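Report on one structure; see the data block that follows.
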Amino acid sequence: MKHPVRAALAACAVTALMAAGAPFDAQAQTKVGLLLPKSSVYASLGNEIDDGFMIALEEAGMAGDFTIVREDTEVKPQVGVAKARKLVLQDEVDVIVGIVSSGVLAAVRDFVDGAGVPLVVANAGNNNATGKDCSKYIVRVSFSNGQINRPMGPWMAEQGIKKVYTMAPDYAAGRQMIEAFTETFTAAGGEVIGGDFTPFRKTKDFGPYLTKAKATNPDAIYVFYAGGEAISFVKQYDSFGIKSEIPLFASGFLTSPLYVNAEGPAAVGVKTGLHYIPTLDTPENKAFVEAFQARFDRVPSEFAVQGYDAGRVLVEAVKSGASGRDAIAAALPKVEYVGPRGPLTIDPATNNVVQNIYIYETVAEGETLTQKLLGSVANVQDPVNGCAM
Ligand code: BEZ
């Protein structure tokens, strides 16, 4: 049940946000293919991105200017390609928005580039998509896997942590996130003394891996897990008795506000890095949190903001007069603004977002869990990584 005062305040915030969007007299509808997981381990992420995307269109007063066709990737690369082909060849969309898994992004990259269809990446962090496999048709408003994890290496070394054991799912995102952390942590004097890549979408029991990690006697464990796997991992890290002995650090998806309350007290004290937390004390974020809560009756997560920013860059591109695939692809990277996560720009050398990274701790506040800001690194930008557009 919505709190009446909060709902009234939030309704005002929505009205104010909508008033801020310039009225737009569209000649033609823009057709969007929303390509997200609606099933499997990342289904909740896909739904949250969808909700954030819709908030951006509504805030601009432009929901009626877009036709949306939704397809489920099932977090499977070949399904993602088949659905991308369907959206482009059968539905004739002007732009695709979405993709959560780095594996799916790698699989659809050649198709969207060859077809000349703009793709606004609203999650998948695969470094190569804005590195050696970049394309003028691919613009990423979410993050790259390297960008999220690099700041954690020096920060953990500064906390006096010397020996770390790592764990992540065995696919592109898991490998790239751990690689980025390892690179900066070792450069700062730390040592990665062991690690495991667990079978992706198949691991239900993390016990054997946690037992192995504990036997190496590390100062800390560093992981990347998201969605359903994150919930299982955090709960088992506590139930196997490791939490009381070895501190847990991670990329911030581990304790996302989207599912941290499902993890419960096991998540308290976990320290992570991420590009957005809902507790950021800025006017832009407060307005967004209010609008999102008014519409969906829950706190927005990083996935909601990624969906919102994907919608907002698209709205801005269309408002600037872009119509049709090539014009939209050219306009998207030029959009910049200060949004819920802080300043957002797109690096013209890679088409990857440039943004702040926040280090936060999950803390208990009464019955709920929330995010306490510990530090931040401003305007984190990826190296060009072989991108030539
Ligand atoms: C990825 O596959 O790139 C990814 C999935 C979930 C959260 C973060 C990254």
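In this text, all values refer to a predicted model and were calculated from it rather than measured experimentally. As the structure lists them, so they are numbered: ligands from 1, and atoms in each ligand from 1. Heavy atoms only: backbone and side chains are in, while hydrogens, waters and symmetry mates are out.
- Using a 4.5 Å cut-off on side-chain heavy atoms (C-beta onward), Val139 and Ile346 make contact.
- By the 4.0 Å N-to-carboxylate-O rule, Lys31 lies too far from Glu92 to be salt-bridged with it.
- Residues meeting the ring pair (Phe, Tyr, Trp, His ring centres under 6.0 Å) test with Tyr171, sequence neighbours left out: Phe200.
- Listed by chain and number, residues touching ligand 1 at under 4.0 Å (heavy atoms only) are Tyr42, Leu45, Val100, Ser101, Ser102, Asn123, Ala124, Gly125, Phe143, Asn145, Tyr171, Ala173, Met177, Phe224, Ala226, Phe253.
- Of the charged side-chain nitrogens involved, at least one lies within less than 4.0 Å of a carboxylate oxygen, so that Lys286 and Asp281 count as a salt-bridged pair.
- Residues Leu344 and Leu119 do not share a hydrophobic cluster, clusters being chains of Ile/Leu/Val/Met/Phe/Trp/Tyr side chains in contact below 4.5 Å.
- Residue-environment remark: NZ (Lys136) stays at or below the threshold of 12 foreign heavy atoms within 6.0 Å.
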